[in-house]
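Data block below; observations after.
Below, chains carry the letters A, B, ... as their sequence lines are ordered, and counting in each starts from 1. All of these numbers come straight from a predicted model, not from anything done at the bench. Quick note: numbers below take in every heavy atom, side chains included, and nothing from hydrogens, waters or symmetry partners.
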Amino acid sequence: MKDKRNQQDFFDLVFQVVRQIPEGKVTSYGAIARYLGIGSSARTVGWAMNASHHQKEYVPAHRVLNRNGQLTGKFHFNPPESMQQALEKEGIVVNEDQVQNFQHHYWDPAVELAL
DNA sequence: ATGCTGACGTCGC
DNA sequence: CGCGACGCCAGCA
């Protein structure tokens with residue numbers, strides 16, 4: 001709270017939350033945004049993912065989808081198909097850039113991390 | 001310094 | 001039911 005280091009760029013916060021996503025689970029930008037307390041700024045979460053590739057630590061951005069469970073940012077991956085491949089590899093079924101049983105694989109930080 | 005865009009989400013018409 | 005616009009934060013031209 002009073003510690004300045006807690007004030008890390010909200011980007012770092014996003015990376016740490018994403019890194020805590022268990023294998024075979026997925027979450028949405030809005031969920032993370034809400035968990036961090038920025039609420040409506042889900043866009044910034046996605047933007048953070050863009051910077052994730054800058055991070056030294058590995059960030060499973062492929063586990064982060066939009067509210068529809070759609071692989072909106074798959075084109076930002078390298079290659080784009082790697083996102084779906086990574087998800088399927090974890091046991092998640094993806095069809096037409098859409099995660100099947102999205103809700104079943106949904107991982108809410110606000111719930112799992114039990115605020 | 002100002003403005004636009006961007007891997008979203010929600011409300012309104 | 002479908003489409004559009006706004007809000008939010010940060011990076012970049």
Side-chain angles (χ1 to χ4, degrees):
Chain A
M1 312 276 213
K2 55 216 166 162
D3 278 311
K4 205 179 280 201
R5 61 183 127 153
N6 190 7
Q7 174 129 39
Q8 289 174 48
D9 286 332
F10 127 95
F11 271 47
D12 290 339
L13 249 346
V14 175
F15 301 144
Q16 297 197 39
V17 173
V18 174
R19 271 192 243 134
Q20 286 165 78
I21 300 175
E23 190 176 290
K25 294 280 188 174
V26 293
T27 188
S28 63
Y29 302 98
I32 298 172
R34 204 154 54 133
Y35 172 69
L36 296 178
I38 56 179
S40 316
S41 303
R43 301 178 124 196
T44 318
V45 176
W47 201 243
M49 296 278 99
N50 197 0
S52 74
H53 127 100
H54 266 278
Q55 286 300 308
K56 214 163 135 214
E57 300 279 330
Y58 171 65
V59 180
H62 63 270
R63 291 183 192 148
V64 184
L65 317 167
N66 68 352
R67 197 73 171 107
N68 290 314
Q70 190 174 19
L71 284 58
T72 53
K74 73 170 195 173
F75 285 104
H76 291 251
F77 278 78
N78 176 46
E81 49 202 57
S82 84
M83 186 178 188
Q84 181 172 334
Q85 298 250 325
L87 290 171
E88 291 184 322
K89 194 166 151 190
E90 296 184 2
I92 297 174
V93 182
V94 181
N95 191 359
E96 303 259 318
D97 300 341
Q98 178 83 30
V99 173
Q100 305 301 299
N101 305 322
F102 172 62
Q103 206 178 132
H104 178 71
H105 295 292
Y106 193 68
W107 182 85
D108 191 339
V111 174
E112 301 302 325
L113 297 184
L115 198 35

| note | Outer limits of DNA chain B sitting under 4.0 Å from a non-hydrogen atom of chain A, read 5' to 3', are B:dG6 to B:dG9
| request: Of all the heavy-atom pairs spanning A:Ala61 and A:Met49, show the shortest one and how long it is. | output: CB-SD, 3.7 Å
| task | Can you sort out the partners of A:Glu23 under side chain to side chain contact (heavy atoms under 4.5 Å, CB included), two or more places apart, ordered by chain and number? | result | A:Arg63, A:Glu90
| message | Using a 4.0 Å heavy-atom cut-off, does A:Asn50 contact any base of the nucleic acid, only the sugar-phosphate backbone, or nothing at all? | response | base
| message | Strictly under 4.0 angstrom, non-hydrogen atoms only: write out the protein contact profile of nucleotides 7-13 of chain C, one letter per nucleotide from the 5' end, B, S or -. | response | BBBSS--
Output a table of donor-acceptor pairs, distance under 3.5 Å, between side-chain atoms of residues 98-105 of chain A and any protein atom two or more places apart or on a different chain; print 'none' if there are none.
{"from": "A:Gln98", "atom 1": "NE2", "to": "A:Asn68", "atom 2": "O", "distance (Å)": "2.5"}
{"from": "A:Gln100", "atom 1": "NE2", "to": "A:Gln98", "atom 2": "O", "distance (Å)": "3.1"}
{"from": "A:His105", "atom 1": "ND1", "to": "A:Gly24", "atom 2": "O", "distance (Å)": "3.3"}

| message | Going by the rule side-chain hydrogen bond (donor to acceptor under 3.5 Å, both in side chains), which residues pair with A:Lys25 if we only count those two or more places apart in sequence or in a different chain? | response | none
| Strand contacts (DNA chain B) in residues 69-77 of chain A, 4.0 angstrom heavy-atom criterion | A:Thr72, A:Gly73, A:His76, A:Phe77
| Is the backbone of A:Gln16 close enough, under 3.5 Å, to the side chain of A:Gln20 for a donor and an acceptor to pair up by distance? | yes
| said: Test of understanding: with side-chain hydrogen bond (donor to acceptor under 3.5 Å, both in side chains), list the residues that count as partners of A:Gln55, not counting sequence neighbours. | reply: none
| field | Pairing residues for A:Trp47 by the side chain to side chain contact (heavy atoms under 4.5 Å, CB included) criterion, not counting sequence neighbours | value | A:Phe11, A:Asn50
| message | Heavy atoms within less than 4.0 Å of DNA chain B: which residues of residues 83-98 of chain A have one? Give them sorted by number. | response | none
| note | Residues A:Ile38 and A:Phe10: closest non-hydrogen pair is CD1-CE1, 3.1 Å
| When clusters are formed by joining ILVMFWY residues with side-chain heavy atoms under 4.5 Å apart, either directly or through shared neighbours, do A:Leu65 and A:Leu36 land in the same one? | no
| task | Go through the structure and list residues passing side chain to side chain contact (heavy atoms under 4.5 Å, CB included) with A:Arg67, not counting sequence neighbours. | result | A:Ser28, A:Tyr106
| Note, A:Trp107 side chain near A:Val26 side chain (heavy atom, < 4.5 Å) | no
| Pairs in or reaching into residues 51-87 of chain A: which pass ring pair (Phe, Tyr, Trp, His ring centres under 6.0 Å), with residues at least two apart or in two chains? | none
| field | Whole-Å P distance, C:dA5 and B:dC4 | value | 15 Å
| request: Describe the nucleic acid contact of A:Ala61 in one word from base, sugar-phosphate, nothing, applying a heavy-atom distance below 4.0 Å. | output: base
| said: Which residues pass the salt bridge (charged side-chain N to carboxylate O under 4.0 Å, His left out) test with A:Asp108, not counting sequence neighbours? | reply: none
